Structure formats: C-alpha cells, structure tokens
Amino acid sequence: MGVAPDTADMLSFADPRHLEAYEFAVREAELLDERRYRDWLALLTDDVVYRMPVRVTAAHSLDASTLDDMHHFDEDRYSLEKRVERFETEHAFTEDPPSRTRHFVTNPRTRLGAVEGELTLRTYVLLFRSRLDIRDPSFIAAERTDTLRNEAGGLRLARREIIVDESVLRTQNLAVFI
C-alpha cells in the first residue's frame, strides 16, 4: 500500500523541521492571543506577503473557489506595521475594547519549500473572537499555507495565504490577525 500522492513529499511528524515549523505556529498563536504584536512582527521577514483571498461558492466543486484578484486583505511588511502602530493608539476604534481571541492551530503538514531554506506549513486554524459583552462571539475557520524561511535566529514568516471556509464572514470586521 503506497502513500497518497498529495502526502508523498510531506515531512514526517517526527522530523525536526516539522516540529520546528509547528512550534513556530503555536508560538505565533500565543503572541497574537496575548496582543504582543511587536513580538509578532519580529517573526516576519522584510518581504512578507500576508493575504486572504475572497472565497466564492460554486456549484458542484470546491476547485477555483477563491478569487485571484480580490482579497479581504493583501498586505506587506509596511501595512502590517501600520496596523500594529494603529493598535497602539487611541484611534483603533475597531479594537476598542480589544477583542479576546484564541487561535487554535491544528493538522500541521510540512513540506520542503520551493527555495532552499524554506518550509511550507499548511495548518487549519479556528479563530475564536469575543468583543464586548452584548455580542455573540464569532468564529473564523480557515486553512493557512505559510512559507517559513530560515533566517538568522530561526524561522520567519515569509508568506501566508488564508483560505476561509465561508463565503460570507460572520464577524464584525477583520481587524485581528488570523
């Protein structure tokens, strides 16, 4: 009995590179949940790409269910830094009071990246978000595909693509990081 083609190049769960990649994702989730955004920025490469394409529903297929030219966000290092700077002011009205978040990161699958020194980590993430006391909490379920680059000091996030499981997001805004 052979290995399924889509898992043939997947690193073993015991592989130290897989463990390092998954540890990165868990540490990152902790930083985001604790609102330690400056520490989170330190995990990003200078040329990071952080995007979430819009998901669409098509009959009978999940193929091509995202729009290549439309995103909920399509950010780089500069725009992510500006978001963090705004959170540190009194003008971040979408996060006043701050959201209480929990990032649940599961089902890690790690592969060698297309470039030497990079890993591709695919995970499922469930984001729980609670704001104020009068609104129901919101959930965002998604698959993340991360390119992690080994730079001085360890792995850094070079690229993230977030594919949400819903076409219509049931959250007030996307002011939090997924």
Side-chain angles (χ1 to χ4, degrees), residues 10-52 72-89 92 94-111 113 117-133 135-166 169-178:
M10 193 169 78
L11 297 178
S12 161
F13 287 164
D15 189 300
R17 295 166 294 182
H18 168 76
L19 296 173
E20 183 182 14
Y22 190 40
E23 182 180 333
F24 175 94
V26 171
R27 279 194 340 251
E28 179 198 23
E30 179 179 38
L31 293 176
L32 292 174
D33 290 343
E34 293 178 355
R35 299 177 55 81
R36 293 170 49 198
Y37 298 130
R38 289 282 167 192
D39 293 336
W40 177 72
L41 286 172
L43 297 179
L44 311 181
T45 63
D46 289 339
D47 63 342
V48 68
V49 174
Y50 187 88
R51 62 174 46 143
M52 188 168 85
H72 291 288
F73 46 80
D74 184 358
E75 301 195 69
D76 59 11
R77 176 83 189 199
Y78 176 80
S79 64
L80 292 168
E81 286 176 348
K82 289 301 175 189
R83 282 178 64 182
V84 168
E85 285 175 15
R86 190 172 52 83
F87 286 153
E88 295 170 341
T89 72
T94 59
E95 279 299 294
D96 187 18
S99 295
R100 296 178 191 104
T101 63
R102 257 334 142 235
H103 290 76
F104 298 92
V105 182
T106 67
N107 298 58
R109 287 100 58 214
T110 308
R111 291 175 170 77
E118 290 185 349
L119 297 171
T120 300
L121 175 66
R122 292 177 65 186
T123 55
Y124 298 146
V125 63
L126 178 64
L127 172 65
F128 168 85
R129 181 180 185 201
S130 173
R131 289 202 66 231
L132 307 171
D133 294 327
R135 296 193 186 277
D136 290 335
S138 62
F139 296 89
I140 296 175
E143 180 176 40
R144 294 191 317 204
T145 301
D146 294 342
T147 299
L148 302 176
R149 185 178 302 147
N150 200 343
E151 292 187 347
L155 293 177
R156 300 285 179 261
L157 180 65
R159 179 181 176 84
R160 170 163 292 157
E161 182 169 86
I162 304 158
I163 306 297
V164 291
D165 292 336
E166 297 181 288
L169 299 179
R170 294 171 175 87
T171 188
Q172 279 185 295
N173 58 52
L174 288 171
V176 296
F177 300 108
I178 299 174

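One-based numbering along the sequence shown. These numbers come from a predicted model, not from an experiment.
- Between Y50 and W40, the ring-plane angle classifies as perpendicular under the 30° and 60° cut-offs.
- Residues passing the side-chain contact (heavy atoms from CB on, under 4.5 Å) test with V84, sequence neighbours excluded: Y37, R38, L41, E88, F177.
- Between M52 and I162, the shortest heavy-atom distance links the atoms CG-O, 3.2 Å.
- A 4.5 Å side-chain heavy-atom check between I140 and V164 finds at least one atom pair inside the cut-off.
- For D76, there are no salt bridge (charged side-chain N to carboxylate O under 4.0 Å, His left out) partners two or more places apart in sequence or in a different chain.
- Between E85 and K82 there is a salt bridge, since a side-chain N of the basic residue sits under 4.0 Å from a carboxylate O of the acidic one.
- Here the straight-line distance linking atom NE2 of H103 with atom CG of L32 works out to 4.5 Å at 0.5 Å rounding.
- At a threshold of 4.5 Å between non-hydrogen side-chain atoms, the residues T120 and T145 count as touching.
- For R156 (side chain) and A42 (main-chain N/O), a donor-acceptor pair under 3.5 Å exists by modelled atom type.
- The side chain to side chain donor-acceptor pair (under 3.5 Å) check on T101 picks up D33, with sequence neighbours excluded.
- For the pair R159 and D146, the minimum side-chain heavy-atom distance is 4.5 Å or more.
- E30 meets the side-chain contact (heavy atoms from CB on, under 4.5 Å) test with E34; sequence neighbours excluded.
- Atom OG1 of T45 sits about 6.0 Å away from atom CD of E151, to the nearest 0.5 Å.
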Next item on the list: Dump the intermediate steps for side chain to side chain contact (heavy atoms under 4.5 Å, CB included) on R77 and L44, then the final yes or no.
Entry: CA-CA 8 Å; R77 176 83 189 199; L44 311 181; 3.4 Å; yes
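- Between F24 and L148, the shortest heavy-atom distance links the atoms CE2-CD2, 3.6 Å.
- When the side chain to side chain donor-acceptor pair (under 3.5 Å) test is applied to R149, the partners found at least two apart in sequence or on another chain are D47, E118.
- Checked for salt-bridge contact, R122 and E161 miss the test: no charged N lies under 4.0 Å from a carboxylate O.
- Looking at R17 and L119, their side chains come closer than 4.5 Å, going by heavy atoms from C-beta outward.
- Taking Y124 as the reference, T106, N107, R109, E143 meet the side-chain contact (heavy atoms from CB on, under 4.5 Å) condition, with sequence neighbours excluded.
- Between V105 and A25, the shortest heavy-atom distance links the atoms CG1-CB, 4.0 Å.
- With sequence neighbours left out, the ring-ring contact (aromatic ring centres under 6.0 Å, His included) criterion links F128 to F139.
- Considering every non-hydrogen atom in both L157 and E28, the closest pair reads CD2-OE2, 4.3 Å.
- For A141, the side-chain contact (heavy atoms from CB on, under 4.5 Å) criterion is met by L126, D165, not counting sequence neighbours.
- Nearest heavy-atom pair across A14 and L19 is O-CD1, 4.0 Å.
- In this view, E75 and S79, R83 satisfy the side chain to side chain donor-acceptor pair (under 3.5 Å) rule, not counting sequence neighbours.
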Check: Between L155 and E20, does a side chain to side chain contact (heavy atoms under 4.5 Å, CB included) hold up when you go through it step by step?
Finding: CA-CA 8 Å; L155 293 177; E20 183 182 14; 3.6 Å; yes
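- Remark: H18 pairs with F13 by the ring-ring contact (aromatic ring centres under 6.0 Å, His included) rule, at least two apart or across chains.
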